[in-house]
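What follows is a short report on a single structure.
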Amino acid sequence: MSTVVTSKDASVAPLPPGRPSWRARLQGPAVFTAVAVLALVVAPLVLEPFRLGLLAKYLVYAIVALGIGLAWGQGGMLVLGQGVFFGLGGYAMGMYLKLTEAQGGLPDFMVWSGVEELPALWAPFANPVFALAMAVVAPVVVAALLGALVFRQRVRGAYFAILTQALAAAFVILLVGQQGLTGGTNGLTNFFELFGQDLALDSTQRGLYFVVAVVLGLLYLGARQLVNSRFGRLLVAVRDGEDRVRFLGYNPATVKTVTFAISAGMAGLAGALFVPVVGIISPALLGVVPSLELVVAVAVGGRFALAGAVLGAVVMNYAKTVFSEELSSAWLYLQGALFILVMTLAPKGIIGLLRRRKEAAG
Amino acid sequence: MRNSAWRIALPLAALVVALGACGPGSSSSQQAAGGGEDGIKVGILHSLSGTMAISEVTVKDAELLAIEEINAAGGVLGKKLIPVVEDGASDWPTFAEKATKLIAQDKVATVFGGWTSASRKAMLPVFERRKALLWYPVQYEGLESSPYIFYTGATTNQQIVPGLEYLKEQGKKKLFLVGSDYVFPRTANKVIKAYAAANGMEVIGEEYTPLGHTEYSTLVNKVVQAKPDAVFNTLNGDSNVAFFKQLKSAGVTAEDMPTMSVSVAEEEVKGIGVDNIAGHLVAWNYYQTTDTPANTKFVQAFKAKYGADKVTSDPMEAGYNAVYLWAEAVKKAGTVEVEAVKKAAGGIALERPEGLVTIDGENQHMYKTARIGVVQPDGLIKEVWNSGEPIKPDPYLKGYPWAAGLASG
């Protein structure tokens with residue numbers, strides 16, 4: 001078996017027949033560059049600070065969606081509880097910000113909750129390096145442990161999906177119950193500054209937007225490398241025929257665990273970015289419903305392509321903002337209708353539709 | 001084949017969008033367009049969807065009524081008020097986002113909004129950082145005094161403390177505390193325990209259930225076995241329905257074990273079912289039956305606008321007041337500029353449906369009269385006790401020796 005990766009085409013499943021032409025091979029980078037220019041140059045110039053902040057939020061969600069695209073679209077693991085990892089990252093960042101603001105004292109919500117001294121769990125989060133590292137490490141470790149346990153037992157399909165969802169539900173109950181430690185339903189909010197920068201300033205928010213956009217771009221490129229690598233082929237093979245892969249001498253459990261841990265790490269990093277961008281992290285943001293909403297967004301965008309996941313997250317969250325501003329109560333119905341529509345008429349999502357049209361056009 | 005799916009999908013998508021556009025609840029754009037160009041924009045930010053919608057929509061209605069009345073009387077500073085309505089969707093981060101939108105994009109002069117403490121805590125940094133004004137219309141747990149929030153509902157010493165004083169007067173010694181698991185009930189119960197300890201009362205049980213919890217047989221069993229003289233209830237929302245039903249089916253009557261509720265008003269009584277709660281006690285500053293000329297007018301106007309079957313409640317009245325109090329401060333300041341309005345607001349006194357309401361300039365809370373009521377078989381609430389005069393707001397309970405140490409944890 002050759003170890004040299006030859007194909008560089010953007011689409012991974014299903015493979016188009018034959019080697020793509022040079023025009024097709026250039027198309028991916030061209031689109032990526034165009035989107036990057038749009039995001040890094042045009043958007044900051046055109047959008048008001050408030051709208052740019054919202055776009056930053058959508059891009060944060062797109063990072064989580066990228067992880068879902070990797071785990072579900074490529075690996076076939078339906079992850080319904082990414083909120084847990086998002087939350088771990090978010091709370092790690094939130095704890096750091098709360099401690100900076102308290103300046104050696106107790107965070108405000110602990111005072112209301114009757115906590116007398118800083119819990120031991122909180123103390124190390126005063127260190128920004130530790131907090132940022134934990135935002136990624138904690139989700140990766142949790143996912144790796146969970147993956148190692150369940151994938152070796154060959155838990156998959158609906159059972160795995162239900163397991164992740166139950167995890168999200170349990171995590172929310174835990175957070176709400178431990179009010180003195182986590183802020184309860186309120187979550188953590190009222191942050192002043194990040195690394196000495198005043199979070200209320202438009203310039204800080206603009207800087208954060210660039211950070212989010214660049215992180216998303218790098219993660220996207222990294223994920224694409226991964227998908228196009230031998231590991232990526234193996235992942236798709238596991239998705240399409242796990243037993244066959246096992247018979248060929250590979251261990252599907254390892255492939256799935258690694259992918260699951262990567263997607264969790266992405267969610268954790270997204271959570272850490274979300275907190276300074278939006279200014280709050282609360283259990284409502286990481287329960288079953290928000291986790292599902294992102295999976296729906298990935299499905300709408302097109303789960304078989306990484307770009308579809310990103311597109312879906314941005315489009316669905318943008319639609320949510322627009323609809324909630326214009327016709328608040330109809331949004332939930334619209335979201336459901338959109339999902340059913342896409343799943344019945346275009347199971348490969350928006351990206352699938354675009355590709356199909358291109359093919360039809362020649 | 002491939003192309004035809006696309007051809008079907010597009011018109012269908014268009015249809016869905018079109019259907020959505022005709023659907024109910026199109027709020028902001030409609031109302032914003034109603035006032036014309038030359039007016040003062042004010043934001044209204046309540047949950048119009050989600051679990052809190054049932055309560056918060058009524059407050060929104062009351063605030064819109066106040067705006068309509070003020071506009072009919074010539075507006076403020078010669079300009080009409082233009083409400084911009086946003087939906088907080090019972091989701092705290094959404095409250096923060098929509099508050100930012102109202103301030104940064106719509107450039108509203110002030111915002112009336114919020115219900116749960118969590119939503120207020122989420123909005124607080126937005127208003128403080130952007131130096132904008134929020135009028136918060138619901139009773140809450142105290143221990144807060146933001147320079148950019150006016151609190152038109154009761155703080156603890158105008159609702160919970162009078163509720164406890166009433167129970168003490170009635171000779172109730174043993175209390176059982178039941179609450180939803182979030183900041184208001186937990187903080188309220190801290191206050192209750194401190195009061196009980198200093199006043200020869202005993203807290204013999206303290207139970208919390210998650211927001212939205214509806215399984216109360218275990219909890220009611222615990223309460224019945226503990227045999228308290230009274231239950232102090234800080235449950236919120238739907239949980240009250242299940243709790244009071246279970247209480248009734250366990251054979252508990254208001255005569256032998258009354259419940260004092262602080263989050264159950266006229267609107268909630270309808271939802272709980274009068275049969276289940278009649279005879280129990282509630283603590284507020286206003287009831288639909290409160291006998292003042294301003295209230296007669298308010299109830300009449302509200303029913304005329306929204307329907308004869310509608311009731312009015314304390315948070316609705318506090319929201320209705322908030323608009324009038326802000327308008328008065330603006331008239332006094334001669335501008336809608338935030339700092340000037342804040343300065344002008346201190347000391348403003350208006351005869352409102354609940355009686356005389358005065359703004360305390362120091363902590364931006366209101367002087368309010370405490371009223372204890374009993375739920376009547378017709379679903380309204382009859383006042384059985386009041387504090388006689390408006391009580392000075394004391395969010396940190398500084399004036400109560402037994403409460404020393406509460407604010408600092």
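Chain naming here is simple, since letters A, B, ... match the order of the sequence lines and numbering starts at 1 in each. Computation of the quantities below employed the complete heavy-atom set of this structure, encompassing side-chain atoms and omitting hydrogens, waters and symmetry-equivalent molecules.
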Taking all atoms of both residues into account, what is the closest heavy-atom pair of [X] and [Y], and its distance?
X      : Y      : result
B/T100 : A/F50  : CG2-CD1, 3.7 Å
A/N186 : B/S117 : OD1-C, 4.5 Å
A/T321 : B/E97  : CG2-OE2, 4.0 Å

> Any side-chain heavy-atom pair from A/T189 and B/P125 closer than 4.5 angstrom?
Replying inline: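 Heavy-atom side-chain distance check passes, below 4.5 Å.
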
>> If I take atom CZ from residue B/R186 and atom CD from residue A/Q179, how far apart are they, to the nearest 0.5 angstrom?
In response: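 Interatomic distance, B/R186 CZ to A/Q179 CD, rounded to 0.5 Å: 5.5 Å.
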
> Non-hydrogen atoms of chain B under 4.5 Å away: do they reach the side chain of A/F109, the backbone, both or neither?
Replying inline: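 Neither the backbone nor the side chain of A/F109 comes within 4.5 Å of chain B.
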
> Which bit of A/T185 comes within less than 4.5 Å of chain B, counting heavy atoms only: side chain, backbone, both or neither?
Replying inline: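 Backbone plus side chain of A/T185, per the 4.5 Å heavy-atom cut-off to chain B.
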
>> Which one wins on heavy-atom pair count under 4.5 Å against chain A: B/P93, B/A104, B/S90?
In response: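 The option with the most such pairs is B/P93.
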
> Under a 4.5 Å heavy-atom cutoff, which of B/A89, B/A118, B/S119 has the most pairs with chain A?
Replying inline: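 Option with the greatest count: B/A118.
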
> Within 45 degrees of the axis of the six-membered ring of A/F192 and under 6.0 Å from its centre: does B/R129 put its NZ or CZ there?
Replying inline: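 Output yes; distance and angle both within limits.
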
> Picking from A/V342, A/N190, A/I280, A/I281, which has the most non-hydrogen pairs under 4.5 angstrom with chain B?
Replying inline: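 Option with the top pair count is A/N190.
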
>> Which atoms of B/D181 are under 4.5 Å from chain A, going by heavy atoms: the side chain, the backbone, both sets, or neither?
In response: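 Contact with chain A: backbone and side chain both.
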
